[in-house]
Q: 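Got a structure here, written out as structure tokens. Questions coming.
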Amino acid sequence: MSDIEVILPDGSRKTVPEGATARDVAAAIGARLAKDALAARVNDVVVDLSFVVPAGAQVSLITPASADGREILRHSSAHVMAQAVLRLWPGAKYAIGPAIENGFYYDFELPGDARFTDDDLARIEEVMREIVAEDQPFTRRELSLDDGLALFADQPFKVEIISKVREGASDDEDLGEVATGPVVSVYANAGDFVDLCRGPHVPSTKRLGVFKLMRVAGAYWRGDEKRPQLQRVYGTAWESADALAAHLHQLEEAERRDHRRLATEMDLISFPSELGGGLAVWHPRGGIVRKEMEDFSRARHLEGGYEFVVTPHVTNGRLYETSGHLDFYKDGMYPPMEMDNGTYYLKPMNCPMHCLIFNSRARSYRELPLRLFELGTVYRYERAGTLHGLMRIRGFTQDDAHIYCTEDQLQDEIASLLSFVMDVLRAFGFSDFTANLSTKDPEKYVGSDEIWDAATDALRSALERFGLEYQIKKGDAAFYGPKIDIDVRDAIGRTWQLSTIQCDFNHPERFDLHYVGADNQRHRPIMLHRALFGSIERFFGVLLEHYAGNLPTWLAPEQVRVLGVRNDHDAYAASVARTLRAEGVRVSLEEASEPLGSRIRRAKLDKVPYVLVVGDDDVANATVGVNARGSNDPSRGVSVSDFATALAAEILAHGRPDAD
RNA sequence: GCCUGGGUAGCUCAGUCGGUAGAGCAGCGCAUUCGUAAUGCGCAGGUCAAGGGUUCGAAUCCCUUCCCAGGCUCCA
């Protein structure tokens with residue numbers, strides 16, 4: 001038998017006997033790698049270790065602590081979970097079970113009317129551990145479609161998947177379930193479980209084990225509301241106990257930062273059930289933060305050449321017939337109110353009203369770009385199951401603007417908008433941005449191809465001008481024009497979609513908007529929708545999570561708390577508070593009726609940026625002791641005026657005293 | 001809207017087999033006067049989400065509705 005050469009990732013060549021498997025290549029490289037390898041990537045296709053490598057192939061081995069490796073661990077864990085479920089519920093139907101970010105899931109339909117409950121997770125996990133201990137090999141086989149159908153005759157979901165392959169269904173629809181082409185592949189481990197799967201898998205179940213089942217949830221078969229609802233079991237799986245622990249810790253951290261929890265603890269916002277779902281009230285401490293956000297937003301928009309408008313919350317439905325919203329989004333609107341002269345709706349968006357303002361008189365090209373800005377409160381009838389704290393809510397306020405401009409102005413306008421958006425987001429402490437550029441859906445759009453191309457180019461070149469990393473989402477645009485969405489990364493690495501810049505060729509048509517150009521002819525303006533925060537409520541929620549409630553000083557509801565050491569220092573404490581308050585600082589005073597340590601502790605728990613402690617020395621010297629949030633090392637003897645100066649500078653700079 | 005799990009004091013939670021409600025923190029009062037993360041004692045606080053049913057008796061069992069969580073679907 002002759003030898004062949006394969007090419008390793010570093011470009012070096014390795015000689016192996018003809019017929020060698022990926023496992024043999026690993027062994028030829030080193031014993032350690034042979035022991036670690038889970039699978040291989042051969043000519044950029046992931047394969048099992050048992051795969052026979054062709055001569056001249058590019059071969060890299062996949063080890064657990066890599067993106068490929070974790071995906072394989074997770075996918076194989078999903079198989080083991082299905083096997084465990086079938087042991088516990090013989091006759092269960094299993095649908096699909098892919099690896100996902102941080103874990104895996106599998107969808108099932110249990111026999112009879114059986115349903116998983118949370119308590120079942122522990123039972124399933126126990127059987128999974130037995131299967132792991134049994135050290136079952138994963139064995140791949142390829143079958144003809146007919147043999148596949150026969151093998152899974154009592155598994156209707158598998159039959160449907162195979163039938164789809166026969167019909168030539170698109171590859172991206174099957175979530176890694178099956179090979180494409182004339183054959184399907186199946187993986188069996190031990191005798192009692194076989195699953196349709198493209199693979200690859202770990203060589204044996206003993207390579208698994210660092211997993212944890214997380215929760216059970218409902219999921220529609222094929223993601224289609226009209227099809228049966230299955231039960232989905234979610235798990236997480238990792239290459240090591242440390243990695244699993246780190247992931248669980250990250251989840252705890254996210255929970256610690258949960259804006260709903262913080263909003264309650266910090267007395268910022270509540271969702272009284274008397275109001276109904278998805279409707280929030282802002283308490284005084286939340287209200288002052290919102291006021292700061294709004295004031296800042298208004299100031300920046302004023303500088304940015306925006307004009308301020310105000311529109312009502314309720315309108316005659318004719319407006320939304322004109323705009324087309326009643327046709328497209330009626331389900332998302334609050335139900336109509338019948339009144340004497342027509343049908344009225346709560347406002348789900350501001351744009352149609354801004355178009356009316358544009359159209360209230362003849363417009364000259366000299367007025368363009370016309371930038372209309374409104375903190376506009378809108379109401380959307382979100383389905384009950386979709387509500388989520390402040391992130392998904394039924395009544396919210398958009399920092400909404402519509403810009404009317406000429407085609408020639410579009411490019412510059414978008415570029416300056418992008419700069420404006422990122423500038424404002426930076427002022428709130430975000431610095432890591434990425435973008436999505438959504439392009440035309442060829443099935444569903446209005447406007448000419450030329451204008452779409454021009455607008456898409458304008459968006460793209462603006463992104464490139466700012467060096468903003470972006471992905472193109474083909475066909476993801478709304479029917480009325482292309483758009484840029486901006487994501488920010490928060491302090492623990494999660495991304496949030498916040499801002500949006502959308503071109504609109506539809507509203508100007510529907511509202512028959514026009515301006516008179518230098519040529520004395522009527523022209524159609526282009527309209528841009530844009531929001532920076534998106535919704536103030538949601539942005540506030542994101543800020544809370546980003547800062548874990550430790551808002552920067554300019555936003556903190558209470559910026560300074562002054563504590564006298566004894567109550568004979570209270571008068572001096574009050575004078576310090578007065579001095580700061582006169583400079584616009586939000587300062588409170590707590591009298592010395594409890595031990596100092598107790599009051600300090602409470603102030604820290606309240607996340608107050610600065611606690612000032614004043615005692616005998618301070619009264620004598622016009623000083624304060626400064627205890628900053630995030631520090632356990634207070635500074636004694638700071639002069640009141642020095643503190644005030646530094647605080648003013650910090651507020652102006654949107655800084656904060658800690659780095660949490 | 002759908003699936004699973006929930007809703008007990010302002011917050012976090014306990015409450016056994018159906019026998020009539022409990023803790024810690026927060027609040028209030030009194031005492032304490034203290035130099036950087038918990039002073040002591042006392043008091044008050046509840047339509048057990050709401051409504052209906054079963055029962056001698058319901059926080060507990062059943063039904064309906066509302067609200068919440070995690071998903072699915074949806075998101076102009």
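In what follows, chains carry the letters A, B, and so on, assigned in the order in which the sequence lines appear, proteins first and then strands, with residues in each chain numbered from 1.
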Q: Does A:L387 or A:Y329 map to a spot on RNA chain B nearer the 5' end, using the closest nucleotide for each?
A: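 Closest to the 5' end, via its nearest nucleotide, is A:L387.
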Q: What is the base-pairing partner of B:U55, counting Watson-Crick and G-U wobble geometry with both distances under 3.5 Å?
A: none
Q: Kindly indicate whether a cation-pi arrangement holds for A:R394 with A:Y381, taking the cut-offs as under 6.0 Å to the six-membered ring centre and within 45° of the axis.
A: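 Judged by the rule (NZ or CZ under 6.0 Å from the ring centre, within 45° of its axis), A:R394 counts as positioned above A:Y381.
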Q: Would you mind telling me which of B:G35, B:G70, B:A76 lies closest to the side-chain atoms of A:Q502?
A: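 Ranking B:G35, B:G70, B:A76 by closest atom to the A:Q502 side chain puts B:A76 first.
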Q: For B:G24, which nucleotide in any strand shown is its Watson-Crick or wobble partner with both distances under 3.5 Å?
A: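 B:C11 is the nucleotide pairing with B:G24.
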Q: For RNA chain B, whose closest nucleotide is more 5', that of A:H388 or that of A:D633?
A: A:D633
Q: Can you give one letter per nucleotide of nucleotides 3-13 of chain B, 5' to 3': B if a protein heavy atom sits under 4.0 Å from the base, S if only from the sugar-phosphate, - if neither?
A: BSS--------
Q: Does a side-chain N-to-carboxylate-O contact under 4.0 Å join A:E374 and A:K347?
A: yes
Q: Could you run down the sub-3.5 Å N/O contacts of the protein with nucleotides 39-41 of chain B?
A:
residue: B:U39; atom: OP1; partner: A:S598; partner atom: OG; Å: 3.2

Q: Are A:D258 and A:R260 ion-paired here, with the side-chain N under 4.0 Å from a carboxylate O?
A: yes
Q: Taking NZ, NE, NH1 and NH2 as the nitrogens, is one of them in A:R599 or A:E590 under 4.0 Å from a carboxylate oxygen of the other?
A: no
Q: So which nucleotide does B:U60 pair with, by the Watson-Crick or G-U wobble rule with both distances under 3.5 Å?
A: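 Check on B:U60: unpaired, no WC or wobble geometry under 3.5 Å.
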Q: State plainly whether the residues A:K212 and A:E125 are in salt-bridge range, i.e. N to O under 4.0 Å.
A: no
Q: Assess whether a salt bridge exists between A:D512 and A:R524, defined as any Lys/Arg side-chain N lying under 4.0 Å from an Asp/Glu carboxylate O.
A: yes
Q: For A:D400 and B:A76, give me the distance from atom CG to atom P, rounded to whole Å.
A: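 In whole Å, B:A76 P and A:D400 CG are 14 Å from each other.
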Q: Taking NZ, NE, NH1 and NH2 as the nitrogens, is one of them in A:R256 or A:E253 under 4.0 Å from a carboxylate oxygen of the other?
A: yes
Q: B:G46 pairs with which nucleotide, Watson-Crick or G-U wobble, both distances below 3.5 Å?
A: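 Across any shown strand, B:G46 pairs with none.
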Q: Return yes if the base of B:G35 and the side-chain atoms of A:D616 contain a donor-acceptor N/O pair under 3.5 Å, otherwise no.
A: no
Q: Of all the nucleotides listed (B:G70, B:U36, B:C34), which has the minimum atom distance to the side chain of A:R566?
A: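 Of the candidates, B:C34 comes closest.
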Q: Hey, is the side chain of A:Y220 pairing donor to acceptor with the base of B:G71 inside 3.5 Å?
A: no
Q: Need the pair for B:U33. Rule: Watson-Crick or G-U wobble, both distances under 3.5 Å, any strand; none if unpaired.
A: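 B:U33 is unpaired by these criteria.
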Q: Does any nucleotide pair with B:G5 by Watson-Crick or G-U wobble geometry, both distances under 3.5 Å, and what is it?
A: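 Result: B:C68.
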Q: Given the structure, check if the side chain of A:R380 and the base of B:C74 hold any donor-acceptor pair shorter than 3.5 Å.
A: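 Under the 3.5 Å cut-off, the side chain and the base do not form any donor-acceptor pair.
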Q: Hey, is A:D606 close enough to A:R561 for a salt bridge, meaning N to O under 4.0 Å?
A: yes
Q: Tell which nucleotide pairs with B:A76, taking only Watson-Crick or G-U wobble pairs whose two distances are both under 3.5 angstrom.
A: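 Result: none.
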Q: Would you say the side-chain atoms of A:H569 pair up with the backbone N or O of A:D616, donor to acceptor, closer than 3.5 Å?
A: yes
